[in-house]
Amino acid sequence: MNRGILHTVVMLCLLVFATSCSNFQKLLKSNDVDLKYKAALEYYEKGDYYRANQLLEQVMPLMTGREEAEKARFYYANTHYQQREYMLSAFQFRTFYETYPRSELAEEAMFLQAKSLYNDSPDFEQDQTSTVTAMESIQEFLVRYPTSQYAAEANTMFDDLSAKLDRKSFESARLYYKLRNYKSAVVAFTNFLRENPSSPYSEEASYLRIDSQYRYALDSVPGKQQERFTEAVDFYQAFIDQYPDSRFLRSAEQVFASTQSELEKIKKTNPSNS
């Protein structure tokens with residue numbers, strides 16, 4: 001394509017864009033509700049969710065009592081969702097199914113409200129309050145629509161969020177370990193294992209609890225060491241009973257051997273403790 005033709009194409013595109021913008025601005029200023037609603041639907045079908053949103057926001061308050069009002073509100077909520085404005089879409093979808101609980105779109109709206117909150121859930125490093133809210137919303141949806149066509153996806157979303165909370169809890173416990181605060185690490189890993197017995201991080205947490213207890217005992221005053229090394233042995237036994245083929249088995253056995261060695265030293269130093 002030569003420069004002349006390219007220049008002409010660019011100018012035509014700019015003209016079309018300018019005309020489109022001009023027409024849209026006229027629509028925004030128009031008082032014709034039906035014209036605005038029809039245009040909003042056309043923009044919606046084309047995937048121009050921003051312009052559809054702007055028009056629907058204007059016409060919705062003027063459509064109260066009309067047959068089209070229900071779908072207008074659903075489409076308005078979805079324009080926020082499609083633009084990844086998830087907190088707004090969550091609010092609007094909830095407003096929809098609370099306003100139209102018997103609508104044929106109520107089920108989808110409730111699911112999309114939960115999915116909006118799911119999409120808004122932050123990375124595990126951040127505060128997980130909104131993750132808990134999303135999980136509650138998913139559970140609410142599954143209780144109301146247990147046989148929904150969206151149930152499988154809702155369950156997958158719930159599992160994803162649950163795993164995120166597991167990761168958050170595990171990493172919080174492991175932070176104590178990294179900071180060499182072994183006493184707190186033992187407590188945190190123990191709490192994690194009690195509260196998340198089926199977590200994918202339970203195996204590693206169980207191993208790190210052994211190592212934390214060993215290091216905690218090693219740093220303890222002599223009068224407390226035997227008791228604390230013995231607890232490390234108990235943690236080791238619980239670990240190998242539950243994870244006999246663990247990828248951490250060799251490391252756990254090394255910690256156990258070191259623990260046994262320390263206990264032997266204590267017995268030799270204090271025969272009365274034998």
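Along the sequence shown, residues are numbered consecutively beginning with 1. Only heavy atoms go into these numbers, but all of them, side chains included; no hydrogens, no water, no symmetry mates.
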For this session: For E67, look at atom CD and say whether over 12 heavy atoms of other residues, nucleotides or ligands are found less than 6.0 Å away.
Result: no
For this session: Would you check, one step at a time, whether the test side chain to side chain contact (heavy atoms under 4.5 Å, CB included) holds for R247 with E204?
Result: CA-CA 9 Å; R247 59 194 174 100; E204 185 173 0; 4.0 Å; yes
Problem set entry | F170 reachable from L175 in the ILVMFWY side-chain graph, under 4.5 Å edges | no
Problem set entry | pair S212-F189: side-chain heavy atoms closer than 4.5 Å | yes
Exercise. Heavy atoms, side chains only, cut-off 4.5 Å: are Y118 and L161 in contact?
Worked result: yes
Exercise. Tell me, do F248 and F239 make a side-chain contact under 4.5 Å, heavy atoms counted?
Worked result: yes
Exercise. Is a side-chain donor or acceptor of E264 paired with a backbone partner of T259 at a separation under 3.5 angstrom?
Worked result: no
Exercise. Hey, what do you get for CZ (R209) to CG (D211), rounding to the nearest 0.5 Å?
Worked result: 13.0 Å
Exercise. Would you say the side-chain atoms of N119 pair up with the backbone N or O of K115, donor to acceptor, closer than 3.5 Å?
Worked result: yes
Problem set entry | Validation row: Y216, E231 side chains within 4.5 angstrom (heavy atoms) | no
Problem set entry | E262 bridged to K265 by N-O distance under 4.0 Å | yes
Problem set entry | Hydrophobic cluster membership, Y81 vs F91, 4.5 Å side-chain cutoff | no
For this session: Walk me through it: do R174 and E171 pass the test salt bridge (charged side-chain N to carboxylate O under 4.0 Å, His left out)?
Result: CA-CA 5 Å; R174 189 161 65 170; E171 293 296 345; 2.8 Å; yes
Exercise. Taking atom CD of E107 and atom OG of S103, what is their separation to the nearest 0.5 Å?
Worked result: 10.5 Å
For this session: List the steps and the verdict of side chain to side chain contact (heavy atoms under 4.5 Å, CB included) for Y37 and K71.
Result: CA-CA 11 Å; Y37 181 60; K71 286 190 176 180; 4.2 Å; yes
Seminar exercise, completed: Closest non-hydrogen atoms of A114 and I138, given as atom of the first, atom of the second and distance, are CB-CG1, 3.9 Å
For this session: Using modelled atom types only, decide if a donor and an acceptor are shared between the side chain of T79 and the backbone of Y76 within a distance under 3.5 Å.
Result: yes
Exercise. For the residue pair Y145 and F141, is the inter-centroid distance of their aromatic rings smaller than 6.0 Å?
Worked result: yes
Problem set entry | Carboxylate-amine/guanidinium contact K164 D160, below 4.0 Å | no
Exercise. Under 3.5 Å, is there a donor-acceptor pair between the side chain of Q242 and the main chain of I240?
Worked result: no
Exercise. Can you tell me how far CD of Q139 sits from CG of N155, rounded to the nearest 0.5 angstrom?
Worked result: 10.0 Å
Problem set entry | Value rounded to 0.5 Å, distance of OG in S116 from CD in Q92 | 10.5 Å
Problem set entry | ILVMFWY network linking Y49 to M60, side-chain heavy atoms under 4.5 angstrom | yes
Exercise. Are R180 and D219 close enough that some pair of their side-chain heavy atoms sits under 4.5 Å apart?
Worked result: no
Exercise. Does one hydrophobic cluster hold both L193 and V187, with members joined at side-chain heavy-atom distances below 4.5 Å?
Worked result: no
For this session: Measure from the side-chain N and O atoms of S206 to the backbone N and O of S202, and report whether any donor-acceptor pair falls under 3.5 Å.
Result: no
Problem set entry | Under 3.5 Å: donor-acceptor pair, side chain of T230, backbone of Q226 | yes
For this session: May I ask you to check whether Y182 and Y176 place their ring centers less than 6.0 Å from one another?
Result: no
Exercise. Heavy-atom distance under 4.5 Å between the side chains of M63 and R73, does that happen here?
Worked result: no
Problem set entry | Side chain Q225, main chain L218, donor-acceptor under 3.5 Å | yes
Problem set entry | Chi angles and distances behind the side chain to side chain contact (heavy atoms under 4.5 Å, CB included) call for F192, Y201 | CA-CA 9 Å; F192 176 82; Y201 304 102; 3.9 Å; yes
Exercise. Sub-3.5 Å donor-acceptor pair from the side chain of Q128 to the main-chain atoms of S169, do we have one?
Worked result: no
Exercise. Do Y97 and F93 have ring centroids that are under 6.0 Å from one another?
Worked result: no
For this session: Mark yes or no for whether T190, through its side chain, and V186, through its backbone, hold a donor-acceptor pair below 3.5 Å.
Result: yes
Exercise. Among the clusters formed by ILVMFWY side chains lying less than 4.5 Å apart, do L249 and F256 turn up in the same one?
Worked result: yes
For this session: Could you walk me through whether R215 and Y177 pass side chain to side chain contact (heavy atoms under 4.5 Å, CB included), step by step?
Result: CA-CA 10 Å; R215 295 174 187 274; Y177 179 82; 3.8 Å; yes
Exercise. Has the side chain of S261 got a donor or acceptor atom that lies under 3.5 Å from a matching backbone atom of A257?
Worked result: no
For this session: Side-chain contact test, heavy atoms from C-beta onward, threshold under 4.5 Å: evaluate it for P122 versus T131 and give yes or no.
Result: yes
Exercise. Should E140 and E136 count as side-chain neighbours, where that means a heavy-atom distance under 4.5 Å?
Worked result: no
Problem set entry | Within 6.0 angstrom of K168 NZ, more than 12 heavy atoms from elsewhere | yes
Exercise. Between D34 and R66, is there a side-chain N and carboxylate O pair less than 4.0 Å apart?
Worked result: yes
